[in-house]
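A quick write-up on the structure given underneath.
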Amino acid sequence: MTTGQRQFPCKNCGANLQFAPGTTALVCPYCGTLNEIAAAEGRVEELDFNTHLTQLAEADVGVEVMLVHCNACGAETTLGANVTAGRCPFCASPVVAASAQSSPTTH
Ligand SMILES: [Zn+2]
Ligand SMILES: [Zn+2]
């Protein structure tokens with residue numbers, strides 16, 4: 001029975017390692033390399049700040065916000081998911097959502 005087990009190639013020697021659900025790290029029996037299983041549920045490590053925010057926004061469907069960066073004062077603030085522009089709460093300068101900024105136009 002291999003049900004519930006997954007195969008994971010050793011990052012150092014490529015050997016097929018098997019691990020049980022819930023395992024987050026596995027030492028290769030062949031070369032001794034510690035392989036961390038990144039996809040393990042419930043364990044999130046070393047995410048960069050923006051990725052963390054994105055995942056928070058996606059995970060919590062009740063709070064749909066978009067992080068925006070004020071060009072005037074450098075503050076970070078959030079806009080509603082359906083809002084593409086607003087005002088910085090710190091300096092009142094106009095701010096626009098990052099997705100809208102990716103296609104600069106001169107209106
Ligand atoms: Zn190995
Ligand atoms: Zn500002």
Side-chain angles (χ1 to χ4, degrees):
M1 291 283 284
T2 56
T3 304
Q5 289 197 322
R6 293 173 59 188
Q7 297 225 323
F8 182 85
C10 173
K11 66 183 178 184
N12 184 54
C13 73
N16 269 343
L17 310 179
Q18 290 191 343
F19 64 91
T23 304
T24 57
L26 192 64
V27 175
C28 176
Y30 303 101
C31 70
T33 296
L34 178 66
N35 292 269
E36 294 182 8
I37 291 91
E41 300 102 306
R43 285 181 63 91
V44 180
E45 297 181 41
E46 295 184 22
L47 286 176
D48 75 44
F49 187 59
N50 285 332
T51 302
H52 187 57
L53 283 175
T54 301
Q55 291 199 342
L56 278 180
E58 289 175 351
D60 191 350
V61 294
V63 183
E64 294 183 352
V65 296
M66 188 174 298
L67 185 73
V68 295
H69 193 86
C70 176
N71 288 326
C73 74
E76 287 186 334
T77 185
T78 53
L79 295 174
N82 297 321
V83 181
T84 56
R87 284 194 179 276
C88 173
F90 301 100
C91 70
S93 293
V95 292
V96 294
S99 56
Q101 284 180 323
S102 62
S103 56
T105 52
T106 52
H107 290 262

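The structure presented is a predicted model; accordingly, all values stated were derived computationally and were not measured.
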Heavy-atom nearest pair, A25 first then L34, reads CB-CD1, 3.9 Å

Look up atom OG1 in T77 and atom CZ in F90, then write down how far apart they are to the nearest 0.5 Å.
-> 6.0 Å

Calculate, to the nearest 0.5 Å, the distance between atoms CD and CG belonging to Q18 and N16 respectively.
-> 8.0 Å

Close side-chain approach of R87 to S93, heavy-atom, < 4.5 Å = no

Looking only at non-hydrogen atoms, find the nearest pair between L26 and L17 and report the distance.
-> CD2-CB, 3.5 Å

Where the side chain of N35 meets the backbone of C10, is there a donor-acceptor pair that is under 3.5 Å apart?
-> no

Kindly give the heavy-atom pair with the smallest separation between A97 and L79, and that separation in Å.
-> N-CD1, 4.0 Å

Picking from T84, T78, V68, what satisfies side chain to side chain contact (heavy atoms under 4.5 Å, CB included) with V95?
-> V68

